[in-house]
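Here the structure is laid out as C-alpha cells; the discussion comes afterwards.
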Amino acid sequence: MPELPEVETIACGLAKRVTGDRIESVWLGQKKEPLKSSASEIAATLEHTRITTVRRMGKHIVFDLEQNGPKRTKAQWIVHLGMTGRLQVCEPEAEVAKHTHAILKLKSGRELRFVDPRRFGRLSVAQAGDFAAAGLEPLEVDLDRFIKLFRGRKTPIKSALLNQNLLRGVGNIYADESLFRSNLRPRRRASTITRDQLEKLLLAIREVLKEAIALGGSSISDYVNSDGEEGFFQLQHRVYARESEPCLICKTPIKRIVIAGRSSHYCPKCQQ
DNA sequence: ACTATTTCCTGGATGC
DNA sequence: TGCATCCAGGAAATAG
C-alpha cells in the first residue's frame with residue numbers, strides 16, 4: 001500500500017536508474033483498468049522520448065519526458081501504484097511477472113515494467129508536461145493553508161486526511177500514525193479541532209512522513225523499493241495494525257474501528 | 001459544495 | 001487437504 005513515503009522511495013530509486021535513458025518502444029497489456037488514457041495515446045506519448053526527471057507528486061510517480069529531435073516537446077508519464085503496483089527495471093530476459101500491464105524497452109537495453117495484480121494502479125499521460133495533482137503537499141504546506149483545509153468540514157479528521165483533494169500523499173497508515181502522535185481521535189469532526197491541535201497534527205504528519213522516508217517506507221504485504229528491498233517503518237508503527245496490543249505510551253489496548261470503510265487504529269486513552 | 005457509500009480487483013488468511 | 005468466504009484499501013463513481 002504505497003503512500004507518500006513509499007512512493008518517494010520508489011521515485012528516488014527509479015530516478016537513479018532511468019534518468020537520461022530513452023524509451024524506444026512500449027507494450028501495453030489487454031486489461032483496460034490500469035490505463036487512464038487510451039493505450040494508443042500512452043504508447044505514442046512515451047515512445048522515442050528521453051526521461052529527464054522522475055519525481056513524486058502526492059502518491060503519483062511522474063516521469064518528465066522530452067521528445068527527441070529539435071522540437072524537444074515535453075510530455076509526462078504518470079503512474080499511480082494503487083495498492084499493489086510495482087515498477088521494475090530489469091533485463092529483457094528476466095521472466096515477465098504475472099499481472100504485468102506495461103513494458104517499456106529502454107535504449108540502455110533494460111526494460112521498465114509495470115506490474116499490478118489488483119489493478120488499482122493507473123497509468124496516464126499529460127501532453128504538455130502540465131500534470132497537476134490535486135491537493136497540497138504535506139511536506140510543503142504552511143500552517144495557515146493547512147488549517148484552512150479543514151474549515152467547515154464536518155467529516156471525521158481521518159476521512160479528511162485521506163481526501164487527496166485536500167492533502168495529497170497521506171494514506172491509511174500515516175493518517176492513523178499522525179493522529180496518534182497528535183492525540184486526536186480519528187472520528188473527531190475536522191471543523192471542531194482547534195488551531196493549536198491542528199498545528200500539532202501538521203507537525204506530527206511531517207514528522208511521521210520524514211521518519212518513514214528515512215527508513216525506506218513501510219513494508220506491508222509485498223511492498224519493496226525499486227531495488228527489491230523492504231522498508232522498515234512498519235517496525236515503528238504505534239497504532240496501525242496493532243489492534244488489542246498495548247499502547248506504547250499507556251498500555252491501554254489499541255482499538256480498531258471502521259471509518260468510511262477503512263480500518264482506523266487509535267489509543268482510546270491517549271487520543272481524546 | 002459536501003458527505004457517505006459503493007465499486008473495482010486478487011491473493012492471502014481464515015473457516016468448516 | 002480442499003474449497004468457499006472474507007478482507008485489505010485508493011480513488012472514482014454514485015447517491016443523497
Side-chain angles (χ1 to χ4, degrees), chain A residues 1-11 29-38 56-62 78-87 96-102 114-124 126 131-138 148-179 186-193 205 209 212 217-224 230-231 233-234 237 239-244 254-266:
Chain A
M1 44 203 73
E3 303 179 26
L4 187 151
E6 292 77 30
V7 179
E8 177 76 19
T9 303
I10 291 166
Q30 294 301 306
K31 300 286 184 192
K32 58 186 187 312
E33 296 93 348
L35 308 184
K36 251 177 127 170
S37 319
S38 74
R56 177 194 64 76
M57 284 179 79
K59 295 176 192 169
H60 299 270
I61 297 169
V62 179
I78 301 114
V79 180
H80 193 297
L81 299 172
M83 287 286 294
T84 53
R86 300 194 316 265
L87 281 166
V96 176
K98 201 175 169 186
H99 307 296
T100 296
H101 304 298
F114 176 66
V115 183
D116 183 14
R118 219 166 288 183
R119 279 183 261 152
F120 276 17
R122 293 291 181 268
L123 307 181
S124 61
F131 172 71
L136 302 173
E137 272 294 330
K148 280 187 186 130
L149 292 178
F150 306 105
R151 198 168 283 173
R153 289 190 187 271
K154 295 186 186 136
T155 197
I157 184 64
K158 171 68 183 280
S159 300
L161 290 178
L162 294 181
N163 183 345
Q164 302 296 298
N165 293 314
L166 302 179
L167 210 59
R168 66 192 193 204
V170 175
N172 212 30
I173 296 172
Y174 299 103
D176 280 6
E177 294 298 320
S178 302
L179 289 170
R187 267 210 236 272
R188 176 77 176 270
R189 302 277 151 186
S191 60
T192 69
I193 302 175
I205 291 170
L209 295 177
S218 300
S219 281
I220 301 287
S221 74
D222 53 2
Y223 163 76
V224 287
E230 294 190 343
F233 192 72
Q234 68 279 8
H237 293 175
V239 287
Y240 182 81
R242 293 195 65 241
E243 183 182 10
S244 304
I254 298 300
K255 283 193 77 168
R256 187 184 83 95
I257 59 176
V258 174
I259 299 173
R262 300 285 162 263
S263 34
S264 303
H265 313 76
Y266 70 100

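A, B, ... follow the sequence lines: proteins, then strands. Residue 1 opens every chain. Please read these numbers as outputs of a predicted model, since none were measured by experiment. No hydrogens, no waters, no symmetry mates; every other heavy atom, side chains included, goes into these values.
Phosphate proximity of B/dA4 to A/Lys154: absent, as no side-chain N or O sits under 4.0 Å from OP1 or OP2. The phosphate of B/dA4 has OP1 or OP2 within less than 4.0 Å of a side-chain N or O from A/Thr155. At C/dA11, one or more side-chain N or O atoms of A/His80 fall inside 4.0 Å of OP1 or OP2 (strictly under the cut-off). An OP1 or OP2 oxygen of C/dA11 is reached within less than 4.0 angstrom by no side-chain nitrogen or oxygen of A/Arg122.
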Could you go through nucleotides 12-16 of chain C and list every protein N or O atom that sits under 3.5 Å from one of its N or O atoms, giving the distance for each pair?
none

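Looking at A/Arg262, its side chain comes within 3.5 Å of the base of C/dG10 through a donor and an acceptor atom.
Take the nearest nucleotide of DNA chain B for A/Arg118 and for A/Gly152: the residue whose nucleotide is more 5' is A/Gly152. Nearest-nucleotide assignment on DNA chain B puts the 5′-proximal partner with A/Ala260, out of A/Lys31 and A/Ala260.
Distance from the side chain of A/Ser263 is smallest to C/dG9 among B/dT10, C/dG9, C/dG10.
Helix-axis bend for the helix from B/dC2-C/dG16 to B/dC16-C/dG2: the local axis fitted to the five terminal pairs at one end deviates from that at the other end by 50°, rounded to 10°.
In this structure, A/His237 and A/Tyr240 have perpendicular ring planes: the angle between them is above 60°, well past the 30° mark. Ring geometry, A/His60 versus A/His80: the interplanar angle exceeds 60°, so the pair is classed perpendicular (tilted spans 30 to 60°).
Contact annotation for A/Lys98: backbone-only contact, meaning every heavy-atom pair under 4.0 Å involves sugar-phosphate atoms and none involves a base. Nucleic acid contact class of A/Arg151 (heavy atoms, under 4.0 Å, all strands): none.
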Next on the checklist: I'd like to know whether A/Thr84 forms a side-chain contact (heavy atoms from CB on, under 4.5 Å) with A/Phe120, so could you lay out the CA-CA distance, the side-chain angles of the two residues, the decisive distance to 0.1 Å, and finally the verdict.
Outcome noted: CA-CA 7 Å; A/Thr84 53; A/Phe120 276 17; 6.0 Å; no
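Both geometric conditions, a ring-centre gap below 5.5 Å and a plane tilt below 30°, are fulfilled for A/Phe120 over the base of C/dG10.
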